[in-house]
Amino acid sequence: MINIPKGTKDVLPSDSYKWHYVEGVARDVAALFGFKEIRTPTFEHTELFLRGVGETTDIVNKEMYTFEDKGGRSMTLRPEGTAGVARCFIENGLQQGVLPMKAYYLASVFRYERPQNGRLREHHQFGVECYGSDSPSADAEVISLAYEFLQRVGVKGLELCLNSIGCPDCRAKFNEALKAYIGDNLDAMCATCRERFQKNPLRILDCKEEGCRRIVAGAPKITDFLCDDCKTHFEGVQELLSAAGIPFRIAPMIVRGLDYYTRTVFEFTSNQIGAQGTVCGGGRYNNLVEQIGGKHMPAVGFGLGIERLLLVLENADIFAADPECVYLYIAPICAEARPLAQQLTNAARALGISAETDIMDRSVKAQLKYADRAGAKIVAVIGEDELARGAFKVKDMHTGEERETQIDEFLADPSRALGL
RNA sequence: GUGGAUAUAGCGCAGUUGGUUAGCGUGCCAGGUUGUGGCCCUGGAGGCCGUGGGUUCGAGUCCCACUAUUCACCCCA
């Protein structure tokens, strides 16, 4: 028995409609906002993620699926979606094209993690990227898109947490202030925080260790250190969100784990799905394009975890019945009826009416039972009687009502014969 | 990488202080109704009790190791 790799999930035929639903809403909402789909490779040169995502991040340090290909190149399955899009943007000269460049993707990403509820080694993201604007309007637009998507898909009780981590200038000042504040307490902090203290002090705010949290509790806030431009920007985003009627909470502790973020960072979180509550995370990354070899280009976007979203949706019981079930089932119950059943089935299909017939050589009873389980809306039974009469009855599986249908009429126009 | 829990039929579970052919629910197949689903009744198929060792006359049950799953930490979607 060979089983599924750790941290991956099968989507069974009986569940795929849930994915289609979520992906459909994602595409619809993206289109409503004027975003077009972008598709980039599943793997990239490892170098891209080292430079793009940041060498101090956990993702790059210990979670990448990196391998050497047969040509001796180091390749990595994408651990997130943004870097690949940025590479694509530069490589295709899109900075010379129409700006803003607004794109979305639905793709799987890979991280070598210890799986748990809401955390997988392969998961899927609905991601959105907007290039070319440094205006707060772009931040608000992207957050609005996420919000609209979540509304439409039917989730309730998600909280939008918002913060600004400033630009490299104000962050440097903040880092100094934070270091000064921690000062002698550094020895009392956890090992990772002591390391963060040197490499990326901001991330100390993100530590969950009880001791570290206590030390950091009264620490200065990044928002008090923003330079004038960053401050104005952050206020602009808040004003636009308020005007759009999108509720949010300022959360000075959220800093996010990818190095490319500047200024705005945000998360949509749920408290319904266990410890991994972040369903959507994103922000602005004005320096990413430059970091991987392009010209300076402001950008903002988010990634939204489909599996986690589905956990929330299933939790809220929003899936009633599979809407993708076959409409018509035709049950031949003697050998002579089979060719006709096949013909009727194909006539329906030709008009776009989903239809199936028996391929198991089963009894009437078994066929009806199957039609019921398959969720067929109406069923027709064809036997010697019907062949002789040139007509059959279609039965509504929900109400049990039957109506007479002429075989000729059905073959001529299945849609009309069924009263559609 | 760290810690806890669990592992018996496709799925969900029971299995007494160790005792002989390992059960229940559900799902699946068939029959009751020789041409009609759902409800009901009857029957059937389907298990090397995670793997390997040990204790014992005897292990699903006790001990050890391994593996897998899972939850949490960490991190993130």
Side-chain angles (χ1 to χ4, degrees), chain A residues 1-9 12 14 53 56-63 78-82 106-128 146 158 190-193 196 203 206-210 212 254-258 265-270 273-282 301-312 329-334 337 358 360 362-387 392-400 402:
Chain A
M1 176 60 191
I2 298 171
N3 36 25
I4 192 170
K6 188 194 273 276
T8 63
K9 282 260 195 292
L12 302 180
S14 54
V53 178
T56 67
T57 62
D58 280 7
I59 290 181
V60 166
N61 273 323
K62 42 191 194 189
E63 295 181 354
R78 60 173 166 233
E80 52 89 58
T82 299
L106 285 160
S108 52
V109 299
F110 308 84
R111 292 176 203 169
Y112 192 83
E113 308 231 34
R114 209 49 198 273
Q116 67 185 70
N117 195 12
R119 193 173 71 185
L120 299 164
R121 288 187 174 176
E122 179 188 20
H123 78 274
H124 297 76
Q125 290 191 9
F126 168 40
V128 153
L158 287 196
C190 71
T192 40
C193 277
R196 285 165 176 154
R203 304 222 55 228
D206 212 20
C207 190
K208 271 77 177 180
E209 292 276 332
E210 185 59 31
C212 300
I254 76 164
V255 300
R256 310 203 49 71
L258 289 78
V265 291
F266 66 91
E267 290 179 359
F268 284 89
T269 59
S270 164
I273 54 172
Q276 310 302 319
T278 303
V279 172
C280 174
F302 67 77
L304 188 149
I306 307 279
E307 283 86 349
R308 283 188 192 171
L309 176 64
L310 286 172
L311 286 178
V312 177
Y329 182 89
I330 295 179
I333 56 169
C334 61
D358 180 48
M360 296 283 284
R362 284 201 268 226
S363 69
V364 208
K365 178 174 172 151
Q367 289 196 54
L368 267 285
K369 189 170 178 175
Y370 168 78
D372 184 44
R373 293 288 153 86
K377 304 288 180 296
I378 60 175
V379 168
V381 175
I382 316 272
E384 287 159 5
D385 243 30
E386 287 74 12
L387 289 175
F392 58 88
K393 286 182 173 142
V394 284
K395 178 175 182 173
D396 184 307
M397 290 297 272
H398 185 61
T399 64
E402 297 191 353

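In the text below, chain A, chain B and the rest are named by the order of the sequence lines, each starting its count at 1.
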Starting at [atom1] of [X] and ending at [atom2] of [N], how long is that distance when rounded to a whole Å?
X	N	atom1	atom2	value
A:E402	B:U36	CD	P	11 Å
A:R121	B:U69	CZ	C1'	12 Å
A:R111	B:G1	CZ	C1'	18 Å
A:F110	B:C75	CZ	C1'	19 Å
A:I2	B:U51	CD1	P	17 Å
A:I330	B:G37	CD1	P	19 Å
A:Q367	B:G37	CD	P	12 Å
A:D58	B:C73	CG	P	15 Å

Pairwise [atom1] distance for [N] and [M], with rounding to whole Å:
N	M	atom1	result
B:G46	B:A9	P	15 Å
B:G19	B:U33	C1'	46 Å
B:C66	B:C48	P	25 Å
B:U21	B:G15	C1'	16 Å
B:G31	B:G12	P	30 Å
B:G43	B:A5	P	42 Å
B:C64	B:U6	P	13 Å
B:U69	B:C74	P	22 Å

What distance do [X] atom [atom1] and [Y] atom [atom2] have between them, rounded to the nearest 0.5 Å?
X	Y	atom1	atom2	result
A:D385	A:F392	CG	CZ	13.5 Å
A:D58	A:E63	CG	CD	6.0 Å
A:F126	A:L106	CZ	CG	6.5 Å
A:H123	A:R111	NE2	CZ	5.0 Å
A:R308	A:N117	CZ	CG	9.0 Å

Candidate nucleotides [options], ranked by approach to the side chain of [X] - the nearest:
X	options	result
A:V381	B:U36, B:C75, B:A30	B:U36
A:K9	B:U36, B:U70, B:G35	B:U70
A:N117	B:A72, B:G35, B:C76	B:A72
A:K369	B:G37, B:G35, B:C75	B:G37
A:R308	B:U36, B:G37, B:C76	B:C76
A:A275	B:C29, B:C76, B:A72	B:A72

Under 3.5 Å on both distances, the Watson-Crick or G-U partner of [N]:
N	value
B:C66	B:G50
B:C76	none
B:U55	none
B:A45	none
B:G35	none
B:A9	none
B:G3	B:C71

Heavy-atom donor-acceptor pair, [X] side-chain to [N] base, under 3.5 Å:
X	N	answer
A:E80	B:C76	no
A:K395	B:G37	yes
A:R119	B:C74	yes
A:E386	B:G35	yes
A:R114	B:C76	no
A:K393	B:G35	no

What does [X] touch in the nucleic acid at a heavy-atom separation under 4.0 angstrom: a base, only the sugar-phosphate, or nothing?
X	result
A:A331	nothing
A:G383	base
A:L304	nothing
A:N3	nothing
A:G118	base
A:E267	nothing
A:L120	base

Query - A:R362 side-chain N/O to B:C29 phosphate OP1/OP2 under 4.0 Å - result: yes
Query raised in the report: Taking only N and O in the side chain of A:Q116, is any of them less than 4.0 Å away from OP1 or OP2 of B:A72?
Result: yes
**Report entry** Residue met sooner reading RNA chain B from 5', once A:E384 and A:C280 are mapped to nucleotides
**Finding:** A:E384
Report summary line: Whichever of A:Q276 and A:I273 has the more 5' nearest nucleotide on RNA chain B, that residue is A:I273
Requested in this report: Would you check if there is a donor-acceptor pair between the side chains of A:E122 and A:T8 at a distance under 3.5 Å?
Outcome: no
Requested in this report: Dump the intermediate steps for side chain to side chain contact (heavy atoms under 4.5 Å, CB included) on A:V379 and A:D372, then the final yes or no.
Outcome: CA-CA 9 Å; A:V379 168; A:D372 184 44; over 6 Å; no
**Report entry** Ion pair check, A:E113 and A:R121, cut-off under 4.0 Å
**Finding:** no
Query raised in the report: Can you list the steps and then say if A:F302 with A:F268 is a ring pair (Phe, Tyr, Trp, His ring centres under 6.0 Å)?
Result: CA-CA 10 Å; A:F302 67 77; A:F268 284 89; 7.9 Å; no
